[in-house]
Protein chains: 2
Amino acid sequence: MMRAMGRWEPDARGRLAKAALELYGERGYEQTTVAEIAKRAGLTERTFFRHYADKREVLFAGAVELENLFVAAVTDAPGSEAPLDVVARGLYAAAEMFTDRREFACRRQAVIMGNAELRERELIKLASLSAALADTLRRRGVAESTASLAAEAGVAVFKIAFERWIAAGEERTLAELTRESLDELRAVTSAG
Amino acid sequence: MMRAMGRWEPDARGRLAKAALELYGERGYEQTTVAEIAKRAGLTERTFFRHYADKREVLFAGAVELENLFVAAVTDAPGSEAPLDVVARGLYAAAEMFTDRREFACRRQAVIMGNAELRERELIKLASLSAALADTLRRRGVAESTASLAAEAGVAVFKIAFERWIAAGEERTLAELTRESLDELRAVTSAG
DNA sequence: CCGTCGATGACAGTCACTGACATCGACTCT
DNA sequence: AGAGTCGATGTCAGTGACTGTCATCGACGG
């Protein structure tokens, strides 16, 4: 039986993530030490590194979830659709995931954009997403090079739509902005 | 007057870059300490950090040069061309820059692909390139969102063409592969 | 009641990176 | 020539991210 509380407070991982986002927001990423994060979460520095590989990773716990959502949407798409349309399904699925979390996404993004190391980590997460996407397309029978390009293009659309969603007020939805960016990509590349 | 040799051997920066690439190749990036790099270059650890901001940056000295080349090509393009065609000029200019340095590029890329931190750094350099490109397009009168998308798409093409150039033997040129990737991008995005 | 297990604490150690100050050949000015 | 400045480097002490190792102790199964 799980009791409400054992030897320790529950959800150490979540407490660390919350404390980290708060401190990164208050003092800035560089001015925050891991020991401080752990202390605010009622834990020790060593325990922080048992839950997160490094000081940056604590902001990217949702990346795996996002990737899975994306890949699932692509996998479930009808086999007849063109690669970029399939990727678009992934984009809309991702857009849904964020609808309830705008407040959180904004704070998080402000922290990430304020530090180069964090931007690097963000970029490699997006690259990982792109790779997973390309792989999924390949399994659907899309040619290697086409798959890579469709995935890269899709992730580029995601980046730009997300950026605009954060910059825009509450009135725009991520799904709308995704659609607009996608249309724009098509316009840009069709004129050649 | 510059004498052949003053108090120190010349080109400390270059010696550090050479030593770093060698050691990263021999032992791997993580197994190499900055002190070892400095020692091989006949310098001290402190001096390494006077020339390069961190242990990764020593592999990316050419990034600024690449960005300048790219931006210059885009700036010089005829004003009448479509955004993606303008970006394509930058791609071909970049392709030229690498023709003589395939050997070096291969070794460097092998090291980078072997380590996640180095891949992160590579990605942020490409993001910086994309931002510079978008900015240059904007100055040419291209709309904000179109500029970002054209720049992102162009960099995606560069990434994929470069990857294939490294993977392919000597017989393929980067310019050829760039053209192919660009055509493929147009094919993928036009079918929607 | 006993033994195992899993999450955490405690602690020492390595290494990336920084700030402050010393060194010393080159170069300039007179 | 001598004095003073300057720039690139060396030296050294320090911080903080991250790791390996062992100890602790409640939960849980027997």
Side-chain angles (χ1 to χ4, degrees), chain A residues 1-21 23-24 26-61 111-112 114-121 124, chain B residues 1-21 23-24 26-61 111-112 114-121 124:
Chain A
M1 272 293 286
M2 281 269 302
R3 289 274 305 285
M5 214 201 93
R7 187 173 172 191
W8 296 281
E9 296 290 321
D11 193 24
R13 214 181 139 80
R15 273 151 47 212
L16 286 167
K18 181 169 175 289
L21 181 58
L23 284 167
Y24 292 169
E26 292 167 16
R27 310 186 195 173
Y29 171 78
E30 287 176 5
Q31 283 64 47
T32 303
T33 69
V34 173
E36 288 168 347
I37 298 170
K39 188 172 181 182
R40 179 169 295 200
L43 295 165
T44 64
E45 189 180 3
R46 190 68 185 87
T47 297
F48 177 95
F49 288 109
R50 288 199 178 94
H51 286 279
Y52 297 102
D54 58 48
K55 192 183 168 186
R56 283 151 259 159
E57 199 64 18
V58 67
L59 288 179
F60 296 89
V111 170
I112 291 173
N115 179 270
E117 288 183 33
L118 291 173
R119 253 177 294 150
E120 287 186 344
R121 183 56 52 88
I124 208 171
Chain B
M1 272 290 285
M2 282 271 301
R3 290 274 307 284
M5 215 201 94
R7 187 171 172 193
W8 296 281
E9 294 291 323
D11 193 25
R13 212 181 141 80
R15 272 151 49 212
L16 285 166
K18 180 168 176 288
L21 181 58
L23 285 167
Y24 292 169
E26 291 168 14
R27 311 186 193 171
Y29 172 79
E30 287 176 7
Q31 284 65 48
T32 303
T33 69
V34 173
E36 288 168 346
I37 298 170
K39 187 173 182 183
R40 179 169 297 200
L43 295 164
T44 63
E45 188 180 2
R46 190 67 185 85
T47 298
F48 177 96
F49 288 109
R50 288 202 179 95
H51 287 280
Y52 297 103
D54 58 48
K55 193 183 166 186
R56 283 151 258 158
E57 200 64 18
V58 68
L59 288 179
F60 296 89
V111 170
I112 291 173
N115 178 269
E117 288 182 34
L118 291 172
R119 253 177 294 150
E120 287 185 342
R121 181 57 51 88
I124 207 170

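Here is the naming used below: chain letters follow the sequence lines, and residue numbers restart at 1 for every chain.
- Using a 4.0 Å cut-off between charged nitrogen and carboxylate oxygen, A:Glu36 and A:Arg27 count as a salt-bridge pair.
- The CD atom of A:Glu117 sits 11 Å away from the C1' atom of C:dA16 (whole-angstrom rounding).
- Looking at residues two or more places apart in sequence or on another chain, you find a side-chain contact (heavy atoms from CB on, under 4.5 Å) between B:Ala61 and B:Arg13, B:Tyr52.
- Contact annotation: the side chain of B:Asp54 approaches that of B:Arg121 to within less than 4.5 Å [non-hydrogen atoms, C-beta and beyond].
- Taking the side chain as every heavy atom from C-beta outward, A:Tyr24 and A:Val58 approach each other to under 4.5 Å.
- Considering every non-hydrogen atom in both B:Ala12 and B:His51, the closest pair reads CB-NE2, 3.9 Å.
- How far NZ of B:Lys55 is from CG of B:Asn115: 8.0 Å, rounded to the nearest 0.5 Å.
- Remark: B:Arg56 CZ to B:Tyr29 OH distance equals 5.0 Å, nearest 0.5 Å.
- What separates CG of B:Asp11 from C1' of D:dT9 is a distance of 15 Å, to the nearest Å.
- Separating the CD atom of B:Glu9 from the P atom of C:dG25 is a distance of 15 Å, rounded to the nearest angstrom.
- Of the residues in residues 48-56 of chain B, those placing a heavy atom less than 4.0 Å from an atom of DNA chain C are B:Phe49, B:Arg50, B:Ala53, B:Asp54, B:Lys55, B:Arg56, in numerical order.
- Residue order along DNA chain D, read from the 5' end via each residue's closest nucleotide, puts B:Arg13 first among A:Tyr29 and B:Arg13.
- Residues from residues 33-45 of chain B that place a heavy atom under 4.0 Å from any atom of DNA chain C, listed by number: B:Thr33, B:Val34, B:Glu45.
- Taking atom CG on B:Leu23 and atom P on C:dC15, their separation rounds to 14 Å, with Å as the unit.
- In this structure, A:Gln31 places its CD atom 11 Å from P of D:dA17, rounding to the nearest Å.
- Nearest heavy atom pair, residue A:Ala38 against residue A:Leu16, reads CA-CD2, 4.0 Å.
- Rounded to whole Å, the distance from CZ on B:Arg46 to P on D:dT15 is 16 Å.
- Of all heavy-atom pairs between B:Ala19 and B:Ile37, the closest is CB-O, 3.7 Å.
- Nucleotide C:dA16 holds its P atom 18 Å from the CD atom of A:Glu30, rounded to whole Å.
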